[in-house]
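The structure appears below as structure tokens.
These numbers come from the heavy atoms of this one structure, side chains and all, not from hydrogens, waters or symmetry mates.
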Amino acid sequence: MNAVPDTPPAHPVRQIVFAVYPGTCMLDLAGAQTVFWCADRHLRQRGLPGYALVTASIGGAVVDTAEGTLLATVSLDAPDIHPDTVLVPGSAEMATAIHALAPLVAWLRACDARRIASVCTGSFLLAEAGLLDGRRATTHWALCERLASLHPTVQVEPEAVFVRQDPVWTSAGVSTGIDMALAMVEADHGNELAMLVARELAIHVRRAGGESQHSSQLALQAGDGAQFDALHRWIAAHLASTELNVDTLASQACMSPRNFARVYRAKTGRTPAKAIELFRLEAARRLLQQSDRKLEQIAEEVGFGDPERMRASFLRHLGQSPSAWRRQHA
């Protein structure tokens, strides 16, 4: 079912203002920008009002990003700035940079946009402006505790990809800005356009706001877990197999079963059986979100076999059934 678009703003073309500053991270900015640029192109092809993208800063100077790219900007106080949405990207040096950004914080505090959002540590600027007081929000997983410590009235959600509590949206960081921007396009124009943009940008998995910032495969690569990267790719390609036991995995890793079980747990922090369950859970979530396959088909395809086994895994790890998860995220 397509999401019902939000009420259109007063101006038919939605102006998206990207509020940048020295040290802005390029991917925080460019990922979301590309989503809106692509959506705008499709809307205009249909003869519909789209998005007007504006990169702006205090004073309208050239801004040097964290990666060294120079950005030409207009002034946030320019007379033709009438934002429907303001998006604030993050910075790797936010802890030290925030004190120099008081003018931007003041501008955000006075902003009357329909929607205001942050990517990654841009949430610290929204918090400084008082926009997150009493609200749910997220930021990069490594800085969630710091955000909660500095701003105790903010209800920080450390696992969320992005959090929507209108009129404020916050995302976890870097690539999650793309997920958030796609959700905004869906809110404005419906699911069909958002999925069209995601396909055009070759987005492998369109993550919903309630999903975790961490993927199972990335988590298993932490520390010395990267030793098993090739094995994890093999597991992901053979999830439907009923032979994913320690003997099979040990043979694939060219180790004895006993040594494999011991080393795998020491390197990844999980038993092989638990890792396989998490891989299957992640694959099931993707299929529930992106397809209309029946639960029985999905359980079989990802290796749970029995829908009840899949249901038990969802309840154990996500606190809801596969059907409830699909209703919330599909």
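Of the residues listed (T139, V154, V88, V105), the one engaging L126 in a side chain to side chain contact (heavy atoms under 4.5 Å, CB included) is V88, and it is the only one.
Under the 6.0 Å cut-off for aromatic ring centres, H189 and F36 do not qualify, their centroids lying 6.0 Å or more apart.
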Practice task
Give the C-alpha distance, both sets of side-chain angles, the deciding distance and a yes or no for salt bridge (Lys or Arg N to Asp or Glu O under 4.0 Å) between E192 and R46.
Solution key: CA-CA 13 Å; E192 185 269 337; R46 301 175 182 186; 3.2 Å; yes
Handout entry: side chain to side chain contact (heavy atoms under 4.5 Å, CB included) assessment of F18 paired with V54
Key = CA-CA 6 Å; F18 298 89; V54 179; over 6 Å; no
Practice task
Go through the steps to decide whether L87 and V17 satisfy the test side chain to side chain contact (heavy atoms under 4.5 Å, CB included), and finish with yes or no.
Solution key: CA-CA 6 Å; L87 190 146; V17 174; over 6 Å; no
Handout entry: Worked verdict on N245 versus T248 for side-chain hydrogen bond (donor to acceptor under 3.5 Å, both in side chains)
Key = CA-CA 5 Å; N245 51 42; T248 300; 2.9 Å; yes
Exercise for the section: Report the C-alpha separation of R109 and L131 in whole Å, then their side-chain angles, then the decisive distance to 0.1 Å, and conclude whether the side chain to side chain contact (heavy atoms under 4.5 Å, CB included) test is met. Expected result: CA-CA 7 Å; R109 187 179 295 120; L131 300 175; 5.8 Å; no
Practice task
Please step through salt bridge (Lys or Arg N to Asp or Glu O under 4.0 Å) for the pair E277 and R316, ending with a clear verdict.
Solution key: CA-CA 11 Å; E277 181 188 6; R316 183 163 51 251; 2.5 Å; yes
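Note: L288 CG to R327 CZ = 11.0 Å, rounded to the nearest 0.5 Å. Atom CZ of F314 sits about 8.5 Å away from atom CD of Q320, to the nearest 0.5 Å. In this structure, L231 CG and Q252 CD are separated by 6.5 Å, a value rounded to the nearest 0.5 Å. Annotation: the span from E128 atom CD to L101 atom CG amounts to 9.5 Å, rounded to 0.5 Å. Note: F304 CZ to L295 CG = 12.0 Å, rounded to the nearest 0.5 Å. Rounded to the nearest 0.5 angstrom, Y51 OH and L53 CG are separated by 9.5 Å.
A 6.0 Å sphere centred on CD of E67 holds more than 12 heavy atoms belonging to other residues, nucleotides or ligands. Under a cut-off of 6.0 angstrom, the local environment of CG in D80 is crowded, with over 12 non-hydrogen atoms contributed by other residues, nucleotides or ligands.
Using a 4.0 Å cut-off between a side-chain N of Lys or Arg and a carboxylate O of Asp or Glu, R309 and E300 do not qualify as a salt bridge. In summary, R135 and D133 do not engage in a salt bridge, as defined by a charged side-chain N under 4.0 Å from a carboxylate O. At a threshold of 4.0 Å, the pair D188-R115 counts as salt-bridged, since one of the basic side-chain nitrogens sits closer than that to a carboxylate oxygen.
Classification of the H238-W234 ring pair by plane angle, with boundaries at 30° and 60°, yields parallel. Using the six-membered ring where Trp is involved, F162 and W169 have ring planes that are parallel, under 30° apart on the 30 and 60° scheme.
Residues I235 and V263 share a hydrophobic cluster, clusters being chains of Ile/Leu/Val/Met/Phe/Trp/Tyr side chains in contact below 4.5 Å.
A side-chain donor from one of T55 and Q33 sits under 3.5 Å from a side-chain acceptor of the other. For the residue pair S123 / S118, no side-chain donor-acceptor distance below 3.5 Å is found, with atom types taken as modelled.
Checking side-chain atoms of T65 against main-chain N and O of T69 turns up a donor-acceptor pair under 3.5 Å.
For the pair R41 and W37, the cation-pi test (distance below 6.0 Å, angle within 45°) is passed.
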